[in-house]
Amino acid sequence: MARIGTIDFSGISGHKYTFNVYPIKNDFKKNKGAVYVVTRRTVKYDGTVDHNLLYIGSCKDVSTVQEMNKDLECFTREHANCICTYWEDNSKLRVNINDDLINHYHPPCNYE
């Protein structure tokens, strides 16, 4: 599926990361590392968009994300509808970015 936009998320460090936004039912074909954020995207009456961050994770192969997270009841309960990706192949950087974002946003599905 095609990207539907981009969004910036900032870590607790203040560093800003630009993510690509996709519908959550996206089948990623890439064997590529990423930090990903699962969100509930809402389009407001004026056409602007809000994202409620639900989960932050990282993986070495983004094509496995749907399989890894298919059983998270939190996604269903919180009406998750988007997955945002920040492409990063370096595993150490992925862990650092993941931690930076979690420590800033404290997404609810990370704590279940």
Measuring from atom [atom1] of [X] to atom [atom2] of [Y], what distance do you get when rounded to the nearest 0.5 angstrom?
| X | Y | atom1 | atom2 | value |
| --- | --- | --- | --- | --- |
| Asn96 | Ser58 | CG | OG | 10.0 Å |
| Cys82 | Leu53 | SG | CG | 11.0 Å |
| Ile56 | His106 | CD1 | NE2 | 9.5 Å |
| Ile7 | Lys16 | CD1 | NZ | 11.5 Å |

Is it the case that [X] and [Y] place a side-chain donor and acceptor less than 3.5 Å from each other?
| X | Y | value |
| --- | --- | --- |
| Thr6 | Asn20 | no |
| Asn81 | Arg40 | no |
| Asp100 | Tyr17 | yes |

Are the side chain of [X] and the backbone of [Y] linked by a donor-acceptor contact shorter than 3.5 Å?
| X | Y | result |
| --- | --- | --- |
| Asn52 | Thr39 | no |
| Arg94 | Glu88 | yes |
| His15 | Ser10 | no |

Any link between Phe75 and Val62 through a network of hydrophobic side chains (Ile, Leu, Val, Met, Phe, Trp, Tyr) touching at under 4.5 Å? yes

Do the side chains of Tyr105 and Val38 join up, straight or via other hydrophobic residues, at under 4.5 Å, putting them in one cluster? no

With a 4.5 Å limit on heavy-atom distance, are the side chains of [X] and [Y] in contact?
| X | Y | result |
| --- | --- | --- |
| Val35 | Leu101 | yes |
| Tyr111 | Ile102 | yes |
| Cys109 | Leu54 | yes |
| Tyr55 | Tyr36 | yes |

In terms of ring plane angle, is the pair Trp87 and Tyr22 parallel, tilted or perpendicular, where the classes change at 30° and 60°? perpendicular

Could you go step by step and tell me if Asp8 and Thr18 meet the side chain to side chain donor-acceptor pair (under 3.5 Å) rule? CA-CA 4 Å; Asp8 292 333; Thr18 300; 2.5 Å; yes

Who are the side chain to side chain donor-acceptor pair (under 3.5 Å) partners of Asn98, not counting sequence neighbours? none

Verdict with reasoning, Ile83 to Val37, per side-chain contact (heavy atoms from CB on, under 4.5 Å): CA-CA 6 Å; Ile83 184 165; Val37 178; over 6 Å; no

Side chain to side chain contact (heavy atoms under 4.5 Å, CB included) partners of Val49, counting only residues at least two apart: Arg41, Val43, His51

Atom NZ of Lys44: over 12 foreign heavy atoms under 6.0 Å: yes

When you look at Asp61 and Lys32, which way does the salt bridge (Lys or Arg N to Asp or Glu O under 4.0 Å) test go after all the steps? CA-CA 5 Å; Asp61 180 358; Lys32 189 161 178 60; over 6 Å; no

Please give me the minimum heavy-atom distance between Cys74 and Pro108, naming the atom from each residue.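 Scanning both residues completely, I find the closest heavy atoms to be SG-C, 4.4 Å.
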
